[in-house]
2 protein chains.
Amino acid sequence: MNDQLSSKEPSAAQTLPETGSQEAVNKRQAQIVKKASRLFIKKGYAQTTMRDISKATGINLGNLYNYISSKEDILCLAFETYHDPAIAWLERKGVLTIEDPKEQLQTALHQMLVMTHDAMNDILMMYRETRVLPPKFLKIVLKKESDLVDFFEKIIARGVEKKAFHVRDPYFAANMLVFQLSLYPLRSWNLKRYSREDFLTLTEETILKAIIPDCA
Amino acid sequence: MNDQLSSKEPSAAQTLPETGSQEAVNKRQAQIVKKASRLFIKKGYAQTTMRDISKATGINLGNLYNYISSKEDILCLAFETYHDPAIAWLERKGVLTIEDPKEQLQTALHQMLVMTHDAMNDILMMYRETRVLPPKFLKIVLKKESDLVDFFEKIIARGVEKKAFHVRDPYFAANMLVFQLSLYPLRSWNLKRYSREDFLTLTEETILKAIIPDCA
DNA sequence: TCCGGAATAAAACATACGTCTGTTTAACAT
DNA sequence: ATGTTAAACAGACGTATGTTTTATTCCGGA
């Protein structure tokens, strides 16, 4: 009846009715998460009701629970959906094999900026709703973010060794850089005057200036 | 620039019972806001109940409504309490009269960084709960933030004119700078390794490097 | 044609919430 | 003592919520 005491698995391992084809269930899940995310973005997680989600997806309220195990679970799935592609890109593409540190940093930074910009609403939502995540899942999310910082730290540290960059503390610089990626998601209300391209260029330029000595 | 920043009563707090000593009421209000803010920080606004606030303040649930007009009102008051001092400092102190652009920027930046650092929990809370603000009050808050950006834009623009700074777009630089002030509030979970002083120095250094040419 | 699993609609359920009301207590001037 | 007034209190009200359940409909395949 009320199994609140049973440990809540993070969404990935969430146990569901498990009937029929897992394929169709996953598809339905994705549909729910996508629609629900729009609502979370527009109204906030707490202010979005399961009835809202039912209406938005066109899936009956009771039927929703055949695909997700709880409202909280939808949020976890949303974090997964929009957080993973970034790190995935950095690994899939051969960023790590670029020899020139400056070019390597520019390539990684540019791609991250573009992705961040295009997913601005989702990122803003994540910043706002992080608190709602169950502790176990929160840990996973922070770990992923921390990995991203480590990724940039390595690039920067190598550039410093090769005298291509000039920063006193690569770990700090990486933290600042990753944080700066969120400038637009968190402050777009004050940056409307810039076109997408202008903004990306300006941001890239500003971030790099703090890392690459520009006196040459 | 900041014309009506010292508006006191007619903020967003709605009209209250308006009893006898407004003095005691304000004191009580401050007490409520302070305690409630701690709860909002710890559990989030939506997850904090008026009963929680009653328990934390020791003020009876029903009696709370003699001092605040709604739960939402408490949040508005919290924003006011922690948002105003920053702008106030910049105006009170004679930052605007400092002649040397570099010294002027350093002074303002340092103070803002210290204040941001010390109010990190409140700032994190504000980033997260902005959505809950009633539209009318949200507008006021964004205006204040925008004013802060304008403040730094003017400093930067003057430094550019005097060839002391090197930035392509002062408005963008100011936006980035103000955003960077929130690095610690938003990312402290990944920056625990730094002492307060080390962190402040590093941040100041990094922010300035993007504005002041360091080839000298 | 009929069966069985899925979807739907509607309601129920238990709880939690913000807010308000009616009453009591305490302080204090008269 | 007494009367007045503001503060404190417990409890209730109505609504909204996440979740579950029940009764009914739909539809493809035997």
Side-chain angles (χ1 to χ4, degrees), chain A residues 1-6 8-9 11 14-29 31-33 35-36 39-40 43-78 129 131-134, chain B residues 12-33 35-36 39-40 43-78 129 131-134:
Chain A
M1 186 176 295
N2 185 2
D3 54 354
Q4 189 175 358
L5 291 182
S6 69
K8 283 195 175 180
E9 301 284 330
S11 54
Q14 199 82 32
T15 50
L16 278 175
E18 189 68 41
T19 73
S21 64
Q22 189 68 17
E23 193 62 31
V25 168
N26 285 349
K27 198 153 192 178
R28 217 64 153 139
Q29 263 194 4
Q31 175 197 2
I32 295 169
V33 169
K35 291 283 188 184
L39 293 176
F40 296 162
K43 321 175 26 173
Y45 174 84
Q47 289 73 34
T48 300
T49 73
M50 288 303 286
R51 287 162 180 82
D52 291 335
I53 296 173
S54 165
K55 205 150 279 181
T57 55
I59 299 175
N60 184 267
L61 180 59
N63 194 19
L64 273 178
Y65 284 86
N66 291 325
Y67 300 100
I68 52 95
S69 65
S70 71
K71 187 188 174 190
E72 210 178 52
D73 190 47
I74 301 178
L75 189 66
C76 292
L77 286 169
E129 312 294 357
R131 178 189 307 285
V132 185
L133 296 176
Chain B
Q14 295 162 8
T15 50
L16 277 176
E18 188 66 44
T19 69
S21 61
Q22 190 69 18
E23 191 65 31
V25 168
N26 284 350
K27 196 154 193 176
R28 217 61 157 143
Q29 262 193 7
Q31 175 198 1
I32 294 169
V33 169
K35 291 282 188 184
L39 292 175
F40 295 162
K43 320 176 26 172
Y45 174 83
Q47 289 74 35
T48 300
T49 75
M50 289 300 288
R51 286 162 182 83
D52 290 335
I53 296 173
S54 165
K55 205 150 279 178
T57 55
I59 300 174
N60 182 269
L61 181 59
N63 193 20
L64 275 177
Y65 285 86
N66 291 326
Y67 301 101
I68 52 95
S69 64
S70 69
K71 186 188 173 190
E72 211 177 50
D73 191 46
I74 301 179
L75 189 66
C76 293
L77 286 169
E129 311 294 357
R131 179 191 306 284
V132 185
L133 295 176

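Lettering of chains follows the sequences in order, A, B, ..., and the numbering in each one begins at 1. FYI, side chains are in, hydrogens and waters are out, and symmetry mates aren't considered; it's all heavy atoms of this structure. A quick note: this is a predicted structure, and the numbers were derived from the prediction, not measured.
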State whether [X] places a side-chain N or O below 4.0 Å from either non-bridging phosphate oxygen (OP1 or OP2) of [N].
X     : N      : value
B:Y45 : C:dC17 : no
B:Y65 : C:dC20 : no
A:N63 : C:dT8  : yes

Task: A:K55: partners by salt bridge (Lys or Arg N to Asp or Glu O under 4.0 Å), with sequence neighbours left out - done: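 None.
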TODO: Please round to the nearest 0.5 Å and tell me the distance separating atom SG of B:C76 and atom CD of B:E72.
DONE: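 That separation rounds to 6.0 Å.
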TODO: State the CG-CD1 distance between B:L75 and B:I68, to the nearest 0.5 angstrom.
DONE: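 So the CG of B:L75 and the CD1 of B:I68 are separated by 11.5 Å.
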Task: For B:N60, side-chain hydrogen bond (donor to acceptor under 3.5 Å, both in side chains) partners two or more places apart - done: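 Once residues adjacent in sequence are excluded, B:N60 has no partner under the side-chain hydrogen bond (donor to acceptor under 3.5 Å, both in side chains) criterion.
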Task: Partners meeting side-chain hydrogen bond (donor to acceptor under 3.5 Å, both in side chains) with A:Q47 (sequence neighbours left out) - done: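 Not a single residue meets the side-chain hydrogen bond (donor to acceptor under 3.5 Å, both in side chains) criterion with A:Q47.
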Task: For A:T57, side chain to side chain contact (heavy atoms under 4.5 Å, CB included) partners two or more places apart - done: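 With sequence neighbours excluded, A:T57 shows a side chain to side chain contact (heavy atoms under 4.5 Å, CB included) to A:I32, A:K35, A:I53, A:I59, A:L64, given in chain and number order.
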- [ ] From the options A:T48, A:T49, A:I74, select the one residue that forms a side chain to side chain contact (heavy atoms under 4.5 Å, CB included) with A:L39.
- [x]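 Considering A:T48, A:T49, A:I74, a side chain to side chain contact (heavy atoms under 4.5 Å, CB included) with A:L39 is found only for A:T48.
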Open item on the list: Once hydrogens and angles are ignored, does a donor-acceptor distance under 3.5 Å link the base of C:dA9 to the side chain of A:N60?
Closed with: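 Between C:dA9 and A:N60, which were checked side chain against base, a qualifying N/O pair under 3.5 Å is present.
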Between atom [atom1] in [X] and atom [atom2] in [N], what is the gap in whole Å?
X     : N      : atom1 : atom2 : answer
B:N66 : C:dC20 : CG    : C1'   : 11 Å
A:I59 : C:dA9  : CD1   : C1'   : 15 Å
A:K27 : C:dA7  : NZ    : C1'   : 18 Å
B:I74 : C:dT19 : CD1   : C1'   : 12 Å
B:I68 : C:dC20 : CD1   : P     : 10 Å

TODO: Sorted by first residue and then second, give each salt bridge (charged side-chain N to carboxylate O under 4.0 Å, His left out) pair with at least one member in residues 45-54 of chain B; sequence neighbours left out.
DONE: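 Qualifying pairs, neighbours excluded: B:K43-B:D52.
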Hey, what are the protein-to-nucleotides 12-17 of chain D N/O distances that come in under 3.5 Å?
none

Task: Side-chain heavy-atom pair B:V132, B:K71 within 4.5 angstrom cut-off - done: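 No, too far: nothing below the 4.5 Å cut-off.
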TODO: Whenever both distances are under 3.5 Å in a Watson-Crick or G-U wobble pair, mark it; put DNA chain D into dot-bracket that way, with [ ] for crossing pairs and | when the partner is on another strand.
DONE: ||||||||||||||||||||||||||||||
